[in-house]
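Single-structure report; data block below.
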Amino acid sequence: MPERNQSASLRRALAVLEYVRDHAHPGGGLTLTQLSDALDLTKSTVLRLATPLVESRLLERCRRTGAYRLGHGTLALGQSYLASLDLRAVASDEARQLLAAAGETVHLVVYDPPHVVYIDKVENQATVRMASRIGSRGPLHCTAVGKAILAWQPDEALPEELPARTKYTITDPDGLRRDLAKIRQRGYAVDDRENEPEVRCVAAPLFNHANTVSAAISVSGLTSRITAARVRDLGPMVAEAAARISRKLGSTR
């Protein structure tokens, strides 16, 4: 078979697989007729394209109804993909684009209760450098990255103690809960001089393949550069970058 025809057949076979992925109901499947009609292919063509997918266990065909659904080979592929993910590598391009757009230091952290751990930092050499270090730990309740993660954790994950780091730190549990509710509503967290007196930070959560939050990305800078007004522009920017990273991590949100 000519190479062009092979490529066309592969694309159509992938179209069959993707359609089953997106449209088969849980516990059910799609019949040959449904696939033929939806993809504008003859039944014999769908059958020919689906056969190697069934043989490789990417699709399964019900013996009783003949309906197609995803096979457990897709689970193996998904698990292999997730096992190969490196958060720093996945987030790298977005972090650098965020630095270019915001002109401020970008941090990537992971959740390690009762702290966050800084695992990557991208900064502009032309600006004042942040004192944070890769591998260092930070508090949950008064950092934007910490609150971005905490907002999607169960209530029992809230720290028992909320020590004041600055005069702006939220030290009241109910006040923190109100702040976390706002974070969930708008999609990003703000540290308004709560951890360091002259620093503002804007962060957004990173959702993994299970749609749970165990990491966050942020933009940080001096209050002279990140004004209260500028936070309103940076918030959606950081949230959009976080959403793109989350999709790469397998999130369906």
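Nothing here was measured: the structure is a model prediction, and the numbers come from that model. The figures here come from the full heavy-atom set of this structure, side chains too, leaving out hydrogens, waters and symmetry mates.
Applying the salt bridge (charged side-chain N to carboxylate O under 4.0 Å, His left out) rule to pairs touching residues 143-154 yields K147-D179, K147-E194, sequence neighbours excluded. Contacts classified as side chain to side chain donor-acceptor pair (under 3.5 Å) and involving residues 150-164 (residues at least two apart or in different chains) are given here: D155-R177.
The side chain to side chain contact (heavy atoms under 4.5 Å, CB included) search around S44 returns T42, not counting sequence neighbours. Looking at residues two or more places apart in sequence or on another chain, you find a side chain to side chain contact (heavy atoms under 4.5 Å, CB included) between N211 and S251, T252, R253. Qualifying salt bridge (Lys or Arg N to Asp or Glu O under 4.0 Å) partners for R69, counting only residues two or more places apart in sequence or in other chains: E60. Scanning for salt bridge (Lys or Arg N to Asp or Glu O under 4.0 Å) contacts around R165 gives an empty result, with sequence neighbours left out. Remark: N208 pairs with A210, T212, S214 by the side chain to side chain contact (heavy atoms under 4.5 Å, CB included) rule, at least two apart or across chains. For D172, the side chain to side chain contact (heavy atoms under 4.5 Å, CB included) test picks out D174, R178, with sequence neighbours left out. Applying the side chain to side chain donor-acceptor pair (under 3.5 Å) criterion to T169, with sequence neighbours excluded, gives no partner residue.
The OG1 atom of T166 sits 10.0 Å away from atom CD of E198, with the distance rounded to the nearest 0.5 Å.
Residues L39 and T45 have side chains not in contact (no heavy-atom distance under 4.5 Å, counting atoms from C-beta outward).
The environment of CZ in R96 is sparse: at most 12 heavy-atom neighbours from other residues, nucleotides or ligands sit within 6.0 Å.
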Quick one: side chains of residues 109-116, donor-acceptor pairs under 3.5 Å with protein atoms, not counting sequence neighbours, listed by atom name and distance.
unit_1 : atom_1 : unit_2 : atom_2 : d
D112   : OD2    : R137   : NH1    : 2.6
D112   : OD2    : R137   : NH2    : 2.8

Enumerate, atom names and distances included, each donor-acceptor pair closer than 3.5 Å involving a side-chain atom of residues 49-57, sequence neighbours excluded.
unit_1 : atom_1 : unit_2 : atom_2 : d
T51    : OG1    : L47    : O      : 2.7
S56    : OG     : P52    : O      : 3.0
S56    : OG     : L53    : O      : 3.1

Please set out all donor-acceptor pairs under 3.5 angstrom arising from side-chain atoms of residues 231-241, sequence neighbours excluded.
none

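The two residues A102 and V219 come nearest to each other via the heavy atoms CB-CG1, 4.1 Å.
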